[in-house]
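Right, one structure below, let's go through it.
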Amino acid sequence: MMTPSDVKATLSFSDGSPSMDLPLYKGSIGPDVIDIRKLYAQTGKFTYDPGFLSTASCNSTITYIDGDKGELLYRGYPIEQLATNCDFLETCYLLLKGELPNAAQKQDFVGRVTNHTMVNEQMQFFLRGFRRDAHPMAVLTGLVGALSAFYHDSTDINNPQHREIAAIRLIAKLPTLVAMAYKYTVGQPYVYPKNDLGYTANFMRMMFATPCEEYVPNEVLVRAMDRIFILHADHEQNASTSTVRLCGSSGTNPFAAIAAGVACLWGPAHGGANEAALNMLEDIQRNGGVEKIGEFIKQVKDKNSSVKLMGFGHRVYKNYDPRAKLMRETCHEVLNALGLHDDPLFKLAMALEKIALEDDYFVSRKLYPNVDFYSGIVQRAVGIPVSLFTAIFALARTVGWIAQLNEMIGDPEYKIGRPRQLFVGSERRDVTPMAQR
């Protein structure tokens, strides 16, 4: 599976310790890796790499990112092609199975997902234990973890059939759980899934329908949400995916591993970024809106101020985020369809976008608007409250987490995760009696 490189690396020490040859392996695309697995056994030393920024924790065939080029590939396919030619469930099939489905395979997969969208009625009583003002991510973490209590028959990760049914269940039930978390916090009755609707239209109906008024899905909005799901479906070995892999490496059940991913995604530096971007826009709006945008930008540029520009730039993409280009188009389609271009907050967002794309301060630092900036605007336009944004992200990312988890379990090299440390605390010492302390 891993291809050895012709290049060899040698690690030498200045204290006369014997040097060590380190093999290199080639990726099909992307950088080579230096294999340090025998480093400790041969030298008694570890590497030090906080945040694992220079360390490959696994080999993978799922997602490839080239941050300098602004490229994102799912199983080799550019994200731009998938987002324009495929729907979310086709993308799920691709991530899980490695190839795009033909018509019969797609029909079978969609049918299986559709038949698993209902959740156990007991889930409603589980929800009642939460305060009504609980953050939807707090609720979702609990609900996803609780799935393992309802589906004992698919929790053996070493059984491929169990893994398959757990994957279908998670993809199918996440929209139902997110919609239930939302309905609970606004005090509305839960809306059951409807099998004659597509995946995304079904989710939007569960979100916005009530028993007294049927929700008629708007095709432009459904396509926009579907695209948000596709663009967020996987993103290589990020914090939440690494959490799912690390959690799953202990042999825990898939529902528990995915719940760990949901918990990690909640952080403002990760999944909470689009929530932070919308909150920033609302802050500017409260402080004077478009008229005061110049003052806001001045504060962003001032090193001594604590004002941060949220939803711009990306840790991985040192170029334009390819997902942002697609979301920008979708954003304008949605604003046109809903006649919202004159909404004060959207006007403000577009003014901020214009500055970031033209002002040399932002252009030279490659602080382009990222996918979170646009997807936050789209979700607000659709009617999704800001506090639910991260839960929508979790819904979309679930398939990526499952694909990565299943890949790890099927990898003969996989071991329980156990990072090392550089210990800098006290050396060995003895406890002194209380009277002498």
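Everything numeric in this text was worked out from a predicted model, so none of it was measured.
Note: Phe362 and Phe312 have tilted aromatic rings, judged against thresholds of 30 and 60 degrees for the angle between ring planes. A perpendicular orientation is assigned to the rings of Phe229 and Tyr199, their planes being inclined by more than 60° (bins at 30° and 60°).
Under the 4.0 Å criterion applied to side-chain N and carboxylate O atoms, Lys106 and Glu90 are assigned as salt-bridge partners.
More than 12 heavy atoms of other residues, nucleotides or ligands shown are found within 6.0 angstrom of CD on Glu282. Within a 6.0 Å radius of CZ in Phe46, other residues, nucleotides and ligands contribute more than 12 heavy atoms. Applying the 6.0 Å contact sphere to NZ of Lys45 captures more than 12 heavy atoms from other residues, nucleotides or ligands. Around the CZ atom of Arg131, the shell of radius 6.0 Å holds no more than 12 heavy atoms that belong to other residues, nucleotides or ligands.
Remark: Arg132 fails to qualify as a cation-pi partner of Phe130 under the 6.0 Å distance and 45° angle criteria applied to the six-membered ring.
Put simply, the side chain of Arg112 reaches to within 4.5 Å of the side chain of Asp108, judged on heavy atoms. For the pair Ile392/Met225, a side-chain contact is recorded, criterion being any heavy-atom separation below 4.5 Å from C-beta on.
To the nearest 0.5 Å, atom OG1 of residue Thr200 and atom CG of residue Leu221 are 12.0 Å apart.
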Name the atoms and distances for all side-chain donor-acceptor pairs under 3.5 Å in residues 210-217, with sequence neighbours left out.
residue: Thr210; atom: OG1; partner: Glu213; partner atom: N; Å: 3.3
residue: Glu214; atom: OE2; partner: Arg205; partner atom: NE; Å: 2.7

With side chain to side chain donor-acceptor pair (under 3.5 Å) as the test, would you mind laying out the steps for Glu353 and Tyr374 before giving the verdict?
CA-CA 10 Å; Glu353 175 198 56; Tyr374 294 115; 2.4 Å; yes
